[in-house]
Structure formats: structure tokens, C-alpha cells
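Please read the structure below before turning to the comments.
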Amino acid sequence: MKCRTPRILLIALGMQLSFLVYQPVFAQSVDELRRLDELDVACVNAREAKLSVVRRQKIEECVNEAPEARSDKKSRKDCEAYWKDYGWTRRYGLAPPGGPFTDVPECIRAFEARQQYWTR
């Protein structure tokens with residue numbers, strides 16, 4: 001049986017050296033990713049501000065709506081549970097966020113910045 005310890009040590013040493021050589025690149029990437037995350041947070045906050053207004057309206061409509069012939073009137077709790085995530089959809093990859101109010105300037109900036117980052 002061969003001893004693998006020298007091979008493992010050489011691999012570990014090579015990895016450490018590569019991190020030292022590419023450290024400025026990693027730092028730049030970390031700063032850029034942090035900036036992209038900040039843009040995403042700004043987008044989420046801008047959308048949530050607009051969505052919360054619409055969500056409150058939908059909940060009020062739901063509570064005050066006349067019950068249908070075969071159903072009971074819905075409680076505020078039921079209406080809030082139904083409308084709690086209105087406007088939020090999940091997308092993957094480079095697709096723009098889905099749902100209403102994705103055209104606010106904060107979201108457009110965030111999407112374009114991510115697109116530029118991934119297509120470099």
C-alpha cells in the first residue's frame with residue numbers, strides 16, 4: 001500500500017498558493033457580490049412597499065365581500081392567510097423576478113447588474 005500523505009500535502013500546498021495568488025480577484029468578487037445583494041435588498045424593499053398597499057386592499061375586499069351562496073363569510077384571519085404572500089413568486093437563474101411591481105427602478109437596476117455580472 002502506498003503512502004498518500006505526501007500527495008495530499010502537495011495538493012493542500014497548491015491550493016493554499018492558488019488562494020494567495022488569486023486573493024485580490026476573490027476580494028473584488030466578494031465586494032461585487034455584496035453590492036449585488038444590496039441592490040437585491042433595495043428591490044425587495046421597494047416591491048414590498050408597493051405590495052403591502054395592494055395586499056391590505058385585497059384583504060379588506062375579502063373581509064367585506066358578500067359570501068357566496070354556498071360558503072360562509074371569511075374571517076380577517078382567513079383573508080390575511082390567503083393574501084399574505086401576494087405578489088411574490090420564485091424564479092431561478094438569470095430570469096427577472098416575477099410578479100407585480102418588478103418594473104420599479106430598484107428592481108431594474110438589480111436585474112441589470114446581476115445580468116452584467118454573470119455575462120462577463
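- Proximity of a side-chain donor or acceptor of R47 to a complementary backbone N or O of E106 within less than 3.5 Å is not detected.
- The shortest heavy-atom contact between A49 and V53 is O-CG2, 3.6 Å.
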Trace of the salt bridge (charged side-chain N to carboxylate O under 4.0 Å, His left out) decision for K50 with D103: CA-CA 11 Å; K50 290 183 176 264; D103 58 347; over 6 Å; no

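- For the atom pair L51 CG and D85 CG, the distance stands at 10.5 Å (nearest 0.5 Å).
- Here CG of L33 is found 10.5 Å from CG of D40. Values are rounded to the nearest 0.5 Å.
- Under the 4.5 Å side-chain heavy-atom criterion for ILVMFWY residues, no single connected hydrophobic cluster contains both L36 and V41.
- The shortest heavy-atom contact between C62 and W83 is CB-NE1, 3.9 Å.
- Across all their heavy atoms, Y86 and P100 have their closest contact at OH-CG, 4.0 Å.
- Checked for salt-bridge contact, R34 and D31 meet the test: a charged N lies under 4.0 Å from a carboxylate O.
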Go through it in stages, so that I can follow the logic: the residues are V54 and F101, the test is side chain to side chain contact (heavy atoms under 4.5 Å, CB included), and I'd like the CA-CA distance, side-chain angles, deciding distance and then a yes or no. CA-CA 11 Å; V54 175; F101 303 117; 3.9 Å; yes

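- Distance NZ/K77 to CD/E80: 10.0 Å, rounded to 0.5 Å.
- Looking at N64, its side chain does come within 3.5 Å of a backbone N or O of E60 through a donor-acceptor pair.
- With rounding to the nearest 0.5 angstrom, the CD1 atom of I108 is 9.5 Å from the SG atom of C43.
- The distance from the NZ atom of K73 to the SG atom of C79 is 9.0 Å, given to the nearest 0.5 Å.
- Using a 4.0 Å cut-off between a side-chain N of Lys or Arg and a carboxylate O of Asp or Glu, R55 and E48 qualify as a salt bridge.
- Annotation for A46 and V104: closest pair CB-CG2, 4.1 Å, computed over non-hydrogen atoms.
- One finds no salt bridge joining K58 and E61 here, because no Lys/Arg side-chain nitrogen approaches an Asp/Glu carboxylate oxygen to under 4.0 Å.
- Rounding to the nearest 0.5 Å places OG of S29 at 4.5 Å from OH of Y117.
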